[in-house]
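Computed over heavy atoms, backbone and side chain alike; hydrogens, waters and symmetry mates excluded. Note that this is a predicted model, so its numbers are computed, not measured. Letters A, B, ... are given to chains in the order of the sequence lines, protein chains preceding strands, and every chain is numbered from 1.
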Amino acid sequence: MPTITLPDGKNLKFSKKVTGLQVAEEISKSLAKQAMVISINGELKDLDFLIESDCSVKIFTAKNNEGLETIRHDTAHILAMAVQELFPGTQVTIGPVIENGFYYDFARKEPFTEDDLKKIEEKMREIVDRDEITKREVWDRDKAIKHFRNKGEIYKAELIEGIPKGEEVSIYFHGKWHDLCRGPHLSSTGKIGKFFKLTKVSGAYWRGDSKNEMLQRIYGTSWASQKDLEAYLKRLEEAEKRDHRKLGKEMDLFHFREESPGSVFWHEKGWALFQKLINYMRARQDAAGYQEVNTPEVLDRLLWEKSGHWEKYGENMYTSQTPDEKVFAIKPMNCPGHIQVYNQGLKSYRDLPLRITEFGKVHRYEPSGALHGLLRVRAFTQDDAHIFCSEDQITSECLNVTNLILDIYKDLGFKNVVLKYADRPDVRVGDDKVWDKAESSLLDAVKATKLEYSINKGEGAFYGPKIEFVLRDAIGRDWQCGTVQVDLNLPGRLNASYVDKDGTKKVPVMLHRALFGSLERFIGILIENYAGKFPFWISPLQTVVIPISEDFEDYAKNVSEKIKEAGMSSIVDLKNHNLNYKIREHSLAKIPVLLICGKKEVDSNSVTIRRLDSNKQENMEINLFLKKFSALNKVSQN
RNA sequence: GCCCUUGUAGCUCAGCUGGUAGAGCAAUUGAUUUGUAAUCAAUAGGUCCGCGGUUCGAAUCCGUGCGGGGGCACCA
């Protein structure tokens, strides 16, 4: 005689055992129709789960996340079903729900083609139409292992072997086809709907380990309605339009080429952007008490051996042998160089904290498959700094850095930032006591920001705990940029020291810190965030002056010169094209401000302003224009 | 690095089953002198990614190398 408590606190009494579906029917017919899954005391179950005793029940429809995820999970199942119907002999492995969709990994010799994807999709629709009934059975472990092994499903058999003893081995049937699965599932394949699409095929290692064989992964997306599906596909299209590789080419910012994979050839405009960011950073760091230095790009192998990089990071390092047969490495990091600068002259506790910064260009031999436009390169410029301090100064220094980072992100248009805090990994150097201190100091700094943070247990570097700064862009994507890491290792290894108050020599703590991370990467993110339409102050080409006809060329040139004198960038478009053409061209090039000069402007010593993405025209006296836009050219105006 | 896929003019792309390449835009030249998102015409432009093979003949088929793309792994 179960009594069922609903989320609103109401109780339903039943005279016998009931299924989730019956509970839904009791509430309303439409709910029963829309119901996807239920949860019993917080645990998700199938709709036909038989409720025997008192419990609290929630009923989920496609409008709930739980319902939507079940739809996706079911879509993954019918994908596997369709594949095995079309390509007998293909083994199924795992098929989880992921953000916006699902995938399923298959073991099959022949690769799936784009054409196969279409066929599979058709077959999936057919399976939905067949409306196969779902049935759940609990099997004996050994029976299940034997069953799948006999079927030739060795991966499934391996998965069952991995299920802890005592846990149920549940098998789900959709008609005759069945699969090992935890569930829950929809009551029949017809309930999934047809708002899905297979999106791509790729390789994926069995159990995510590159030592294992490679499986074929089919990705798909699945939604509660056609409208949702279309909206999602539209979002993908929008993201594609913002792709920094595409915009970089269109806007003539940079290019890549075969001779140096993963290294950027910056063009004039891209480099202007780069320089603006560096100049901005330089001013910010100056104000924050940093000293900027510059250290060699090529350093003797001996130093890298001493620092530990040769051993731990060697396979990612470029090396170079000189005619005298010495081996040098091209720096993958700036830290050893900065410690060498620190080591010049005796340091006292009065010198701490000592903040050394460098826009250092580093080279890392990244795996070819990892390269991705500006976001993952082999040569990049870090806005790197190393702060040498005492243990007591860790918290306040971390907090300084954090505040600086947040402020800088805000200036660049990113207001939504979350933190990730990572503590000691299993393999690490240093005393546990020192780790305790470092971790709590860092965590204090995290808490002091009052920002949302997550803890990544055991994900810290081998030399110390770290904070990572994740910013969210205009279309909701997350990017990891800045970082603060405590280093309990390197200063000692490279003999850094200071004389403390009591006259004894101590090893300073070193904080690694990057704000943007990599300038290259950050610019990639900026391009995508703004879709190439940068705020005025960082726009690489801020104004184009357009004379209406040849008669006004001198006037236009003069205006352009004045703009440059006022510290903004400007060109004059003297090409033999009409005004419409030029406006279109420069608008597509995402120039923020177009200035039109004709008779009217000459007569009144003015310009007519047309701003990007607006067809309003504003006439303004030249000096006023210069004054107004000079102000806009400062960061604080954004 | 691994799996799949891809490489044709400055750019975007076409080129069926093998018969030494084509469009639009851009460029150049000329005409036009233009008031807020494409004025007209002419001209020029290519080692079809590199190397090797099959073939009478390869952009096209095969092998291989390099690069790009999508994932996986990697991102101390």
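The residue His309(A) sits apart from the nucleic acid: no heavy atom pair falls under 4.0 Å. As judged by a 4.0 angstrom heavy-atom cut-off over every strand, Tyr313(A) is placed among the base-contacting residues. Among the atoms of the strands shown, base atoms are found under 4.0 Å from some heavy atom of Glu601(A). Here Arg245(A) lies in heavy-atom contact (under 4.0 Å) with sugar-phosphate atoms only. Lys200(A) comes within contact range of the sugar-phosphate backbone alone, with a heavy-atom separation under 4.0 Å but no base atom that close. Across all strands, Pro261(A) comes closer than 4.0 Å only to sugar-phosphate atoms, never to a base (heavy-atom distances).
Taking the P atoms as reference points, rU12(B) lies 13 Å from rG7(B), given to the whole Å. Going from the P atom of rG69(B) to that of rC11(B) covers 15 Å, rounded to whole Å. For rC3(B) and rA73(B), the C1' atoms lie 11 Å apart once the distance is rounded to whole Å. Straight-line distance between the C1' atoms of rA58(B) and rG19(B): roughly 10 Å, to the nearest whole Å. Separating the C1' atom of rG18(B) from that of rC48(B) is a span of 15 Å, rounded to the nearest Å.
The pairing partner recorded for rC16(B) is none, the criterion being a Watson-Crick or G-U wobble arrangement whose two distances lie under 3.5 angstrom. Nucleotide rA73(B) is matched to nothing when pairs are restricted to Watson-Crick or G-U wobble geometry with both distances under 3.5 angstrom. Remark: rG45(B) base-pairs with no nucleotide; criterion is Watson-Crick or G-U wobble with both hydrogen-bond distances under 3.5 Å. Across all strands shown, rG30(B) forms a Watson-Crick or G-U wobble pair, both distances under 3.5 Å, with rC40(B). Pairing for rC25(B) is with rG10(B), a Watson-Crick or G-U wobble pair whose two hydrogen-bonding atom distances lie under 3.5 Å.
Below 30°, between 30° and 60°, or above 60°: for His244(A) and His372(A) the angle between ring planes is between 30° and 60°, a tilted geometry.
Taken residue by residue, residues 203-221 of chain A places heavy atoms nearer than 4.0 Å to RNA chain B at Gly203(A), Ala204(A), Tyr205(A), Gly208(A), Ser210(A), Met214(A), Arg217(A), Tyr219(A). Of all the residues in residues 582-591 of chain A, Ile583(A), Arg584(A), Ser587(A), Leu588(A) reach under 4.0 Å from RNA chain B with at least one non-hydrogen atom. Contacts between residues 92-121 of chain A and RNA chain B, counted as heavy-atom distances below 4.0 Å, involve Pro111(A).
Between Ile548(A) atom CD1 and rU34(B) atom P the separation is 9 Å, expressed in whole Å. Note: CD (Gln617(A)) to C1' (rA37(B)) measures 12 Å, nearest angstrom. The distance from atom CD of Glu315(A) to atom P of rA76(B) is 13 Å, rounded to the nearest whole Å. Atom NZ in Lys616(A) sits roughly 15 Å away from atom P in rA37(B) (whole-Å rounding). Atoms CZ (Arg378(A)) and C1' (rG1(B)) sit 10 Å apart, rounded to a whole Å. Atom CD1 in Ile596(A) sits roughly 12 Å away from atom P in rG35(B) (whole-Å rounding). As rounded to whole Å, 14 Å separates atom P of rU34(B) from atom CG of Asn580(A). Between Phe254(A) atom CZ and rG68(B) atom P there is a gap of 13 Å when expressed in whole angstrom units.
Under 4.0 angstrom from either OP1 or OP2 of rC72(B) there lies no side-chain N or O belonging to Ser202(A). Taking only side-chain nitrogens and oxygens, Tyr365(A) never comes nearer than 4.0 Å to OP1 or OP2 of rC75(B). The phosphate of rU39(B) has OP1 or OP2 within less than 4.0 Å of a side-chain N or O from Asn578(A). Under 4.0 angstrom from either OP1 or OP2 of rG70(B) there lies at least one side-chain N or O belonging to His372(A).
Checked against rG68(B), rC74(B), rA76(B), the side chain of Ala370(A) finds its nearest nucleotide in rC74(B).
A cation-pi arrangement is found for Arg108(A) relative to Phe112(A), the charged atom lying closer than 6.0 Å to the ring centre and inside a 45° cone about the ring normal. Cation-pi check for Arg72(A) over Trp223(A) is met; the charged atom lies under 6.0 angstrom from the ring centroid and within 45 degrees of its normal.
Counting only heavy atoms from C-beta outward, the side chains of Val607(A) and Asn619(A) never approach each other to under 4.5 Å.
Of the possible donor and acceptor atoms, none in the side chain of Lys312(A) sits under 3.5 Å from a partner among the backbone N and O of Ser307(A). Between the Ser260(A) side chain and the Ser263(A) main chain, no donor and acceptor come within less than 3.5 Å of each other. A distance-only check finds a donor-acceptor pair linking the side chain of Ser441(A) to the backbone of Lys437(A) [under 3.5 Å]. No side-chain donor-acceptor contact under 3.5 Å links Asp384(A) to the backbone of Thr357(A). Between the side chain of Arg493(A) and the main chain of Lys306(A), a donor-acceptor pair closer than 3.5 Å is present. The main-chain N or O of Val201(A) is never found under 3.5 Å from a side-chain atom of Glu114(A) such that the two would form a donor-acceptor pair.
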Name the atoms and distances for all side-chain donor-acceptor pairs under 3.5 Å in residues 361-368 of chain A, with sequence neighbours left out.
unit_1, atom_1, unit_2, atom_2, d
Arg364(A), NE, Pro332(A), O, 2.9
Arg364(A), NH2, Pro332(A), O, 3.1
Glu366(A), OE1, Arg376(A), NH2, 2.9

Please output the side-chain donor-acceptor pairs of residues 456-467 of chain A that fall under 3.5 Å, not counting sequence neighbours, one pair per line with the distance.
unit_1, atom_1, unit_2, atom_2, d
Lys457(A), NZ, Asp423(A), OD2, 2.8
Tyr463(A), OH, Gln485(A), OE1, 2.4
Lys466(A), NZ, Glu468(A), OE2, 3.3

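Ile609(A) CD1 to Gln617(A) CD: the interatomic distance, rounded to the nearest 0.5 Å, is 11.0 Å.
By the side chain to side chain contact (heavy atoms under 4.5 Å, CB included) test, Ala80(A) pairs with Val92(A), Tyr104(A), Phe106(A), Trp177(A), sequence neighbours left out.
Each of Asp243(A) and Glu468(A) has a nearest nucleotide on RNA chain B; the 5'-most of these lies closest to Asp243(A). Nearer to the 5' terminus of RNA chain B, by closest-nucleotide assignment, is the contact made by Asp613(A) (compared with the other of Gly262(A) and Asp613(A)).
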